[in-house]
Amino acid sequence: MANFIVTALLMLQLHSVPAQVFADGNAAYAAGDYARAVTLYQQLLSEQGDSAPVYYNLGNSYVRLGQLGAAIAAYRQAQRLEPRQEDIAANLTFVRHKVQDALPPSSGNTLLNMLFFWHHGLSVSELAWGTALLNVLFWSLFSMYRFYTRNEIVRWLTLFVGMAVVALGGSWAVHALWPSHVAVVTTAEADVHGATSFDSIVRFKLHDGAEISAVDQEKDWIKIRLPDGTLGWISASNVQLL
Amino acid sequence: MLKKIGNLLILAILLGAHNALAASIVATVDRTETSLEEPLELTVTVDGDIDGDLKMPEMTQFDIQSRGESTQVQIINGSMSRTVSYTFLLLPKTAGNFTINSVAARIDGRMYQSAPIQVRVTTGQPRPAAEADDAGGLAFLRAVVSNNAPYVGEQVVYTWRFFRRVRVGNAALTLPDFSGWVASDLGEQKEYQTVLNGQEYVVTELRKALVAQAPGALTIAPSSLRVDMVVPRRGRSARDDRFGGDPFGDIFGRGQSQTRVLKSDSLKLTVRALPPSPKGFSGLVGHYALHAELSKTLVKVGESTTLTIAISGTGNATQIPEPVIAGLENFKTYDDKPVVQNDSQVDALGGSKTFTKALVPQSAGEQVLPPIEMIYFDTSDNTYKTASSGELRLQVAPGEVLPTSSNNTPMVASPSKTPVQMLGDDLLPLHHELTFVRSTIAERAGLATAMLLPPLCFGLAGFLQRRRLNAGINTPLRRRQKALARARQALTQLDNHATASRIVRDYLGDKTSVEGLALTPLEAQQLVTEHFTSNADLPIRTCRFLEQCDAAQYSDQTKNTPADKLGQEAASLLNDLEKHYRG
């Protein structure tokens with residue numbers, strides 16, 4: 001009996017550790033010790049996995065430390081997990097106003113985003129489960145139509161649900177198979193070269209917080225593309241890939 | 001003639017008197033408190049025609065550098081006046097409280113003196129043992145703050161200086177981003193010369209007012225300056241290449257050009273939390289004054305008077321909150337948009353905010369507004385103080401009877417609407433509810449099951465059904481599914497009305513699981529209505545076809561209808577019945 005109690009208490013302790021680390025990180029932030037808050041949040045993410053509130057609080061801490069690029073990367077990670085969370089979007093907008101480079105955020109074509117609103121409006125997990133549930137519904141309706149009744153309403157419902165399965169499933173597949181890579185500059189200033197060498201010509205410079213598309217990687221160099229199509233190579237040490 | 005001479009004399013005396021009355025000498029400094037690191041700028045303004053030079057007082061506590069003079073001439077109503085401003089830079093040599101004695105000048109034959117000026121020189125921040133000298137003594141950066149331990153909300157002056165002994169150009173400055181602070185520029189960029197360790201330097205100086213938002217340890221990151229320096233060639237001294245021009249312009253390429261990146265030291269500050277505050281603390285830290293007045297102190301009921309509250313002091317004037325005003329129960333009030341005036345001095349950011357309210361008394365008599373107060377934290381003695389106006393008295397006479405609105409209150413004009421003014425922005429606060437996104441094995445298994453199981457079940461059901469059908473069991477389902485195919489097959493053998501009637505009856509029987517051959521035309525019509533469509537056309541058409549076939553059987557009409565036409569008619573009917581089958 002005693003062993004059982006000890007084991008139960010130990011299990012309780014193990015389960016409460018992430019919450020305690022999170023609370024310690026929040027307390028460090030409130031006390032103004034932002035560097036310690038960053039350390040604790042990062043420890044939580046590496047030990048426990050992805051968490052939108054932890055990424056969000058990490059982003060806040062980076063902002064207080066003046067590290068705009070790291071903050072934007074953290075907020076975008078949080079937004080990937082909770083796309084409709086308004087606080088994340090608000091703080092991301094706040095930080096983006098401070099970024100020196102006038103680059104639009106890499107979020108794709110506005111019209112396409114409106115038409116395929118679920119692609120960025122739902123998280124990957126929500127897309128997966130939505131596809132699965134609609135899949136069950138589709139096959140149920142199709143079975144009813146095929147084996148039981150040729151009702152027109154059932155036929156149209158089957159078609160509509162089938163299209164929804166294709167839509168959500170397609171977005172899920174795009175996220176899984178062709179994820180969009182974004183690089184965020186995390187140093188005060190970064191040179192973008194014409195080739196994968198520090199001796200090659202510097203084509204332009206980017207500054208902390210700039211968000212650009214990453215199209216290729218070669219060893220320690222990342223090929224980036226600006227919204228106007230300009231290409232260049234940037235050292236991987238200057239950016240964080242999302 | 002004598003009269004003319006007399007008039008000219010009077011005119012000259014008057015002119016002289018006018019000029020004599022306008023003559024003056026005024027001495028001012030840009031600040032009254034400075035440190036050993038920071039020079040004072042003394043400006044002497046002389047109105048009138050000065051005879052000779054200024055007679056400067058003895059100032060052994062300062063090194064004096066002349067910065068030049070400027071002259072302004074005005075001619076008003078035929079009278080000419082001349083103002084000359086002399087500018088001097090005073091470099092403190094020692095700390096202490098000093099008096100800059102009067103500056104004297106002979107103007108229009110009379111001696112004039114300016115008022116003496118009291119100044120205070122502090123020791124400031126201690127100099128580092130070694131200068132942050134990144135360029136062999138030729139150029140370096142220094143950054144200092146006026147207070148290493150400010151309170152939250154207290155203004156701290158960040159001074160950045162670039163010292164150089166050589167010509168520089170193409171400078172690119174990166175200041176710290178001052179995260180954790182609200183930063184505002186103070187004054188304009190300044191340039192002057194100074195002497196350090198026996199060397200003469202040209203100094204470019206920038207200042208910012210910083211206000212910490214939260215207590216704790218804060219570090220102001222180093223600034224960096226990338227600059228091209230003209231390093232003197234062998235045989236030329238740094239003095240020969242020194243040039244006090246704008247470091248952010250082009251250089252002319254004399255000497256050997258080198259690009260350097262200079263950095264200042266990082267600055268560590270400890271921001272102290274304010275002591276426990278009294279109730280009603282406004283949040284302001286610094287020195288503030290409050291003044292309130294009424295535009296009219298005698299009004300009638302329904303007439304308005306304007307209450308103006310002006311709060312001025314150090315700090316960002318936009319953050320001054322509106323004070324709470326008591327005693328307005330007998331008034332209708334209409335607020336106007338506050339007017340903010342920021343005043344950026346060299347050593348502090350100050351300003352004023354003026355609030356105006358229109359007050360409309362609702363009852364006659366003497367109305368007394370208690371003093372308007374604002375509690376702020378005074379950093380000069382680290383105490384909370386109250387800035388207060390006196391009480392305001394308003395005499396309200398009975399007014400005229402005004403037209404009333406539907407609820408019997410006097411009608412007054414509505415104030416104009418003003419847009420909401422954004423005063424500041426900051427991050428939204430932390431989230432405190434912890435959740436994780438974890439894809440467990442059970443979740444992945446559930447997802448795979450939901451994706452794969454339904455189509456598998458569907459396929460299995462179809463397979464089982466087909467197997468049952470192929471087993472030859474004459475189930476009603478099989479009859480329904482095969483009905484049209486059987487009917488079409490039979491139509492290929494069609495030769496008379498009797499066959500056509502049997503084919504249609506068999507089809508109906510297969511579809512509705514009844515004995516089709518026993519159906520009368522009316523029963524067939526009823527069946528079609530129940531199982532195929534509620535549209536009256538098809539059941540009637542079916543009934544008529546069967547009646548036609550029955551009539552043809554028992555009369556000699558077989559020769560009149562060709563078999564192929566009969567077959568087409570039957571096929572069309574069967575297709576329509578199949579299309580409209582409901583089950």
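Every chain is numbered from 1, with letters handed out A, B, ... down the list of sequences. Computed from a predicted model, the values in this text were never measured in an experiment.
Counting all heavy atoms, side chain and backbone alike, A:Tyr41 lies closest to B:Leu430 at OH-CD1, 3.7 Å. When all heavy atoms are compared, the tightest approach of A:Ala132 to B:Leu447 is CB-CD1, 3.8 Å. For the pair A:Phe147 and B:Ala461, the tightest heavy-atom approach, listed with the atom from each and the gap, is CE1-CB, 3.9 Å. Annotation for B:Met451 and A:Thr131: closest pair CE-CG2, 3.9 Å, computed over non-hydrogen atoms.
The main-chain N or O of B:Leu428 is found under 3.5 Å from a side-chain atom of A:Asn91 such that the two form a donor-acceptor pair. Using a distance-only test at 3.5 Å, with no hydrogens or angles considered, a donor-acceptor pair links the side chain of A:Ser51 to the main chain of B:Thr435.
Both the backbone and the side chain of B:Pro455 come within contact range of chain A, judged by heavy atoms closer than 4.5 Å. Only the backbone of B:Glu433 comes within contact range of chain A, judged by heavy atoms closer than 4.5 Å.
Of all the listed residues (B:Ala273, B:Ala448, B:Pro429, B:Ala221), the one sharing the greatest number of non-hydrogen pairs under 4.5 Å with chain A is B:Pro429. Note on B:Asp426, B:Thr219, B:Thr174, B:Val271: by heavy-atom pairs under 4.5 Å with chain A, the leading option is B:Asp426. Comparing A:Leu134, A:Asn135, A:Asp208 by heavy-atom pairs within less than 4.5 Å of chain B, the highest count is held by A:Asn135. Listed options A:Ser61, A:Ala188, A:Ser143, A:Ala23 were ranked by heavy-atom pairs under 4.5 angstrom with chain B; first place goes to A:Ser143. Here A:Asn60 is the residue among A:Asp33, A:Leu65, A:Asn60, A:Val95 with the most heavy-atom pairs under 4.5 Å with chain B.
Between A:Gln48 and B:Leu434, the closest side-chain pair of non-hydrogen atoms is not below 4.5 Å.
Each of A:Leu81, A:Leu45, A:Leu44 was evaluated against B:Phe436; a single residue qualifies, A:Leu44, per the side chain to side chain contact (heavy atoms under 4.5 Å, CB included) test.
In summary, the side chains of B:His431 and A:Asn57 do not present any donor paired with an acceptor at a separation below 3.5 Å, with no hydrogens or angles considered.
The aromatic rings of A:Trp139 and B:Phe458 sit tilted, their planes meeting at an angle between 30° and 60°.
Within 6.0 Å of CZ in A:Arg84 there are more than 12 heavy atoms belonging to other residues, nucleotides or ligands.
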